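Okay, structure first, notes after.
First the proteins, then the strands, lettered A, B, ... as listed; each starts at 1. Since the structure is predicted, the reported quantities are computational estimates derived from the model, not experimental observations.
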There are 2 protein chains.
Amino acid sequence: MTDERYRVQSLGRALDLLERIADSGQAGARLTDLARDIGLSKPAAYAILATLRARGVVTDVGEGMTRRYRLGLSLLRLGDLAVANTGLADVALPVLRDLTQEIGMTSRVAMMDDGFAVVIGRVDAPGAIRFDAALGRREKPHCSGVGKVLLAAMPRPAALALLERVGYPARTPKSLTSIVALSDDLDRIVARHYAIDDEEDHEGIICVAAGVFGRGGQTLGAISVTTLKQLLPLEQVATIAEPLVRHADLISRALGGPSAQEAWALRPLTEARL
Amino acid sequence: MTDERYRVQSLGRALDLLERIADSGQAGARLTDLARDIGLSKPAAYAILATLRARGVVTDVGEGMTRRYRLGLSLLRLGDLAVANTGLADVALPVLRDLTQEIGMTSRVAMMDDGFAVVIGRVDAPGAIRFDAALGRREKPHCSGVGKVLLAAMPRPAALALLERVGYPARTPKSLTSIVALSDDLDRIVARHYAIDDEEDHEGIICVAAGVFGRGGQTLGAISVTTLKQLLPLEQVATIAEPLVRHADLISRALGGPSAQEAWALRPLTEARL
DNA sequence: TACGAAGTTCTGTATTGTGGAAATATGTTT
DNA sequence: AAACATATTTCCACAATACAGAACTTCGTA
């Protein structure tokens, strides 16, 4: 399965095309550009696009020379099913609505997927600045609140190995860019039961995150709230952390898991088990 | 583009596999079953799955003989982008939250895509029964509220041609299953500015829908509210239609379009233009 | 009206996706 | 505990098919 030999080349190309089309956004992409960008002949790209179009994976607007390709809506169903399968978003979203209502901040739910923190649900605060919380975005774990919570919940050696694998580049001047600093921060997270992303991913943005746990204390995901740093200076984070963790506990409870208090106390045990 | 010759077979197979995996849901699907179901050898299916897995399009759980394939989260990003590209959901969802809050019913926003009504956003009513409102679901237009509104907004010949193309099978005893009955209903929708799906898709479920219009009065989509028929008998639909249309107008307005009142009055003109 | 630039179709060829069979790993039964 | 059954993974050879180049068509533009 790891063997690179057993792959389907044309399918890989099709996925490359999809990524390109995704990047082109609302404007759409042209056949010629798409073909050139991924290094494929026009007829080859044409055949792939025709196949994707027939299945609704891409849509085309315009005729003839002005044709543009955009992402099709059939992807939506698959994406939504993928999220539904996690069993987390459905439970979390109503709770996040409460949370956002209570504290007036945008909230999200995310989970670990192949070493990245992936946002699987969001509730925008009414009237708030729109934070870039695109669903499905894969963020490196070291600079996001949810990412760091999920790392802290892992056995430490595994967490550090993961950091080495996906990397931990600086995104802002405040990003943590050494294993030592990151490991220290994970210690703090374990101790206080929540993580703080203090302008580590985006300047001016602060983020507080707490874990969600399932049966046996296994980590299922994390929720977070995001706001402008100037609206939430560090010394006030604790006042936000309380409702955050309380709502995270509600989700954990609904999923048959322990509260944050119990889960983090359990952690050394689960770690030793590895 | 219509020519069936210019397709990539292996890519089509991969999409078939994805559909199967989607059907298998949370439980996941096995390689052997997937290969058999779509009539492919195990090694061929294996190569396709390996490719999809490497890209996060599918995930696998379990090792060796117990390996199961499920939809991966990378689809989420693409699906979300596809919706964002429509420019409709982002505007509609906050308004739908208001609407759901005001009348306590689950609301949705949908648009036409290749002859089908596709749900691109939903807001569940708190505590309500969970209606099957999976995002991206493609429903035939004749038996859904949003579908019928969108049909009514089309030039009538085009609407009827579309109905013939995708079919209009009975889903319940109350489904409209003749062109005459459907065309009559479209007339009523044009007159009253909203559509009623009175247990035509699902017994015991009633649905009221109104159109959303953009610049120049073009139809962008439709929103709907859903509830149990016993909670909303026909004679009370009008009381729901008022806030429904009012909120639809808010969305249209935000998108630079006319109110329902104006849009439906404009309709004969746009129809004549074809 | 001619030109250029894009999409579409055609066709031969080499790549590669495919099925059969064998090997390996895993779970189950005796 | 050993033999069996079942599923995945690997190997290999061949035929199918994905691909590039060139020709054709269509459309926008000078």
Side-chain angles (χ1 to χ4, degrees), chain A residues 1-21 23-24 27-72, chain B residues 1-21 23-72:
Chain A
M1 171 59 79
T2 327
D3 202 323
E4 291 255 345
R5 263 176 306 180
Y6 304 101
R7 297 279 163 85
V8 178
Q9 198 173 68
S10 60
L11 175 54
R13 303 247 166 88
L15 295 174
D16 289 341
L17 273 178
L18 269 184
E19 286 298 327
R20 285 282 173 181
I21 295 173
D23 290 341
S24 73
R30 301 189 312 174
L31 171 62
T32 308
D33 296 332
L34 289 171
R36 178 176 34 73
D37 286 351
I38 67 166
L40 213 59
S41 70
K42 278 198 291 184
Y46 181 80
I48 292 174
L49 288 169
T51 309
L52 292 174
R53 200 193 70 107
R55 305 302 206 88
V57 177
V58 305
T59 353
D60 53 350
V61 296
E63 279 295 317
M65 249 173 67
T66 58
R67 175 161 282 164
R68 296 288 183 283
Y69 292 94
R70 303 199 315 204
L71 294 178
Chain B
M1 172 59 79
T2 329
D3 202 322
E4 292 254 347
R5 262 176 307 179
Y6 303 101
R7 298 278 165 88
V8 178
Q9 201 173 67
S10 60
L11 174 54
R13 303 245 167 86
L15 295 173
D16 289 340
L17 273 178
L18 268 184
E19 286 299 328
R20 284 286 173 178
I21 294 173
D23 290 342
S24 73
Q26 210 161 0
R30 301 187 313 172
L31 170 63
T32 307
D33 296 332
L34 288 171
R36 178 176 33 72
D37 286 351
I38 67 166
L40 210 59
S41 71
K42 277 195 289 184
Y46 180 80
I48 293 174
L49 289 169
T51 310
L52 293 174
R53 198 193 72 108
R55 305 302 207 88
V57 177
V58 305
T59 356
D60 53 351
V61 295
E63 278 296 315
M65 248 171 70
T66 57
R67 175 161 281 165
R68 297 287 185 281
Y69 292 95
R70 303 199 315 204
L71 294 178

Whole angstrom is fine here: how far is it from OH in A:Tyr69 over to P in C:dA6?
14 Å
Let me know the distance between CG of A:Leu34 and P of C:dA6, rounded to the nearest Å.
13 Å
Close N/O contacts between protein and nucleotides 17-24 of chain D (under 3.5 Å):
| from | atom 1 | to | atom 2 | distance (Å) |
| --- | --- | --- | --- | --- |
| D:dT17 | OP1 | B:Gln9 | OE1 | 2.2 |
| D:dT17 | OP1 | B:Gln9 | NE2 | 3.2 |
| D:dA18 | OP1 | B:Ser10 | N | 3.4 |
| D:dA18 | OP2 | B:Arg7 | O | 3.4 |
| D:dA18 | OP2 | B:Gln9 | N | 2.8 |
| D:dC19 | OP1 | A:Arg13 | NH1 | 2.8 |
| D:dA20 | OP2 | A:Ser41 | N | 2.8 |
| D:dA20 | OP2 | A:Ser41 | OG | 2.5 |

Between A:Arg67 and A:Asp60, which heavy-atom pair has the shortest distance, and what is it?
NE-OD2, 3.0 Å
Sidechain-backbone polar pair: B:Arg68 side chain, B:Ala27 backbone, donor-acceptor under 3.5 Å
no
For B:Arg68 and for A:Met65, find the nucleotide of DNA chain D with the closest heavy atom, then tell me which residue's nucleotide is more 5'.
B:Arg68
Residues 41-52 of chain A vs salt bridge (charged side-chain N to carboxylate O under 4.0 Å, His left out), sequence neighbours excluded, gives none
Compare side-chain N and O positions of B:Arg30 against OP1 and OP2 of D:dA7 and report whether any pair is under 4.0 Å apart.
yes
According to side chain to side chain contact (heavy atoms under 4.5 Å, CB included), who are the partners of B:Asp33, at least two apart in sequence or on a separate chain?
B:Arg30, B:Arg36
Partners passing side-chain hydrogen bond (donor to acceptor under 3.5 Å, both in side chains) against A:Ser10 (at least two apart in sequence or in another chain):
B:Ser10
For A:Thr59, all residues meeting side chain to side chain contact (heavy atoms under 4.5 Å, CB included), sequence neighbours excluded:
B:Asp113
Qualifying residues under side chain to side chain contact (heavy atoms under 4.5 Å, CB included), relative to B:Gln26, sequence neighbours excluded
A:Asn85, B:Arg70
Give a yes/no on whether any side-chain N or O of A:Tyr6 is located under 4.0 angstrom from OP1 or OP2 of D:dT8.
no
Figure out the CD/P separation between B:Glu63 and C:dT24, and round it to whole Å.
18 Å
A:Ala44: partners by side chain to side chain contact (heavy atoms under 4.5 Å, CB included), with sequence neighbours left out
A:Leu40, A:Ser41
Nearest whole Å is fine: how far is C:dA5 C1' from A:Leu31 CG?
12 Å
Please state how far atom CZ in B:Arg53 lies from atom P in D:dT8, giving the value in whole angstrom units.
14 Å
Work out how much the helix from C:dT1-D:dA30 to C:dT30-D:dA1 bends between its end axes, five pairs an end, to the nearest 10 degrees.
40°
By salt bridge (charged side-chain N to carboxylate O under 4.0 Å, His left out) - contacts of A:Arg20 (at least two apart)
A:Asp37
Between CG of B:Leu17 and P of C:dG17 the distance, given in whole Å, is 14 Å
B:Tyr46 side-chain N/O to D:dT8 phosphate OP1/OP2 under 4.0 Å:
no
